[in-house]
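Chain naming here is simple, since letters A, B, ... match the order of the sequence lines and numbering starts at 1 in each.
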There are 2 protein chains.
Amino acid sequence: MTLRKVPVRVDLVIFAIRDGELQVLLWQRREAPLKGAWTLPGGFVEQGEPADEAARRILKEKTGFEEQAYVEQLFTFCDPKMDPRGDLVSIAYYAVVSASGESWDGTFHAARKAPKLVFHHGQVLDRGIDRLRTKTEYSTVPLRFLDDEFTLSEVQGVYEVLLDRQLDKRNFRRKILALEAVEETDDERRVGAHRPARLYRLSASRPYLLKEKGILFPF
Amino acid sequence: MTLRKVPVRVDLVIFAIRDGELQVLLWQRREAPLKGAWTLPGGFVEQGEPADEAARRILKEKTGFEEQAYVEQLFTFCDPKMDPRGDLVSIAYYAVVSASGESWDGTFHAARKAPKLVFHHGQVLDRGIDRLRTKTEYSTVPLRFLDDEFTLSEVQGVYEVLLDRQLDKRNFRRKILALEAVEETDDERRVGAHRPARLYRLSASRPYLLKEKGILFPF
DNA sequence: CCAAAAGTGTTGGCGTTACACCCATGG
DNA sequence: CCATGGGTGTAACGCCAACACTTTTGG
């Protein structure tokens, strides 16, 4: 039995909320083989590089985001029949970024209506969507879709997109504040002819899991 | 930039409930280097073998269990500095087996009081315990600690061990039955001078996630 | 002064928890 | 007949969901 040695890839599901819907960054191959096919952004892990760092490196290459993005390992695909180009291991990650960036390497698509993806990438996307939905219920990951400072209405908007339903404003605000996941700033935002909105940021204590304090949803 | 090619390992956290506590199967090295050090059971993924199959193969080698065991991927560790013997990728799995097997390759230890493990294996164990606790709250994974047929008291016992607290018998039975995760058989079990206990099995429909039907815990 | 978004409390219903006794059996 | 684990119903409480109006601002 000879030892099997394979290259290691990381593949990324990069989520953002744009145009009021959950979107993912995809990439279209410009060369054969599979010219024109849609793929997830990804790349090979380099010599001496941990996979987590590779994921962040590739995220930065594709979107410009660094620390402010949330990155989490999703699942590892390791099946010799998976990729026709050869045997490899694919460690999938998902990332949550705020939509305020500009220079994307790729194009965003509605996550639930994405084109067919090559190889196992469709499975990766499905798992990413599923994990994100799960985390929406008991973690503060959804807050990473927002910029450093945000209004509670914006937070509610993120949750409404992720949960795909309307939420009650009073109940939502009471609950998100009770969880102590966000804290007031001294700033407010004024846009248009409205009452200004108080701005919030992630709590310094920043509880990642909401479970201990009760689950955020169902509402 | 030369492509980095590495061997792929799978490492397993094998859980069983024995002596009224959660235990894991560990293995003690008999040769240098690190003679006497404790490790998780594991092995290399072979040529042409998917990682999931490798995990089941190694589980069978170490415990004799096959289909009846629950196996789930946990996390992948990929860091060149992780293992002093060389660069590799370690895909960690956890497995849940009933304690009724016999020929273990290794020894069982209380999961929360395990000896110090080599390399990243301590992290793997911690993640395994954590994942198992999480799944206890909203999945039927804990039922895999039991044999094919089991009494509701046995089910309650498993949950009490995993949650580390006593549960109310009437509330527990009402809830586990409402979830339709188990179904009655025609058999009963008689042991000692007691009323016989009805035996149950996993439902044919076998809902894996309990969420849709409401969360099982908190009680 | 008007339009538009921000912000704020209370109540009823339902689900969860707490709780105690009878049943069936083997020895 | 007794010891042991199996099996069963109800009532109080607390949390969740539903619901409407006032405030602040820019134009």
For the base of [N], is there a side-chain donor-acceptor partner from [X] under 3.5 Å away?
{"X": "A:Asp168", "N": "D:dC19", "answer": "yes"}
{"X": "B:His194", "N": "D:dT4", "answer": "yes"}
{"X": "A:Arg195", "N": "D:dT23", "answer": "yes"}
{"X": "A:Arg170", "N": "D:dA20", "answer": "yes"}
{"X": "A:Arg174", "N": "C:dT10", "answer": "yes"}

Flag the pair [X] and [Y] as a salt bridge only when some basic side-chain nitrogen lies within less than 4.0 angstrom of an acidic carboxylate oxygen.
{"X": "B:Glu183", "Y": "B:Arg201", "value": "yes"}
{"X": "A:Arg133", "Y": "A:Asp130", "value": "yes"}
{"X": "A:Asp187", "Y": "A:Arg189", "value": "no"}

With the side chain defined as heavy atoms from C-beta on, B:Pro196 is closest, among D:dG6, C:dA24, C:dG26, to C:dA24
Distance check needed: [N] [atom2] versus [X] [atom1], whole Å only.
{"X": "B:Phe150", "N": "D:dG6", "atom1": "CZ", "atom2": "P", "answer": "15 Å"}
{"X": "B:Ile176", "N": "C:dT16", "atom1": "CD1", "atom2": "P", "answer": "14 Å"}
{"X": "B:Asn171", "N": "D:dG7", "atom1": "CG", "atom2": "P", "answer": "16 Å"}
{"X": "A:Arg173", "N": "D:dC16", "atom1": "CZ", "atom2": "P", "answer": "19 Å"}
{"X": "A:Phe172", "N": "C:dT8", "atom1": "CZ", "atom2": "P", "answer": "15 Å"}
{"X": "A:Lys169", "N": "D:dC21", "atom1": "NZ", "atom2": "P", "answer": "14 Å"}
{"X": "A:Tyr200", "N": "C:dG7", "atom1": "OH", "atom2": "P", "answer": "6 Å"}
{"X": "B:Arg190", "N": "C:dA24", "atom1": "CZ", "atom2": "P", "answer": "12 Å"}

When the nearest nucleotide of DNA chain D is assigned to B:Leu199 and to A:Gly192 on a heavy-atom basis, which residue is associated with the more 5' position? B:Leu199
For A:Glu154 and A:Ala193, find the nucleotide of DNA chain C closest to each by heavy atoms; which residue's nucleotide sits nearer the 5' end? A:Ala193
Suppose we call two aromatic rings close when their centres sit under 6.0 Å apart. Are B:Tyr200 and B:Phe150 close by that rule? no
Does A:Ser153 put a side-chain nitrogen or oxygen below 4.0 Å from OP1 or OP2 of C:dA5? no
Over 60° means perpendicular and under 30° means parallel, so tell me whether B:Phe15 and B:Tyr94 are parallel, tilted or perpendicular. perpendicular
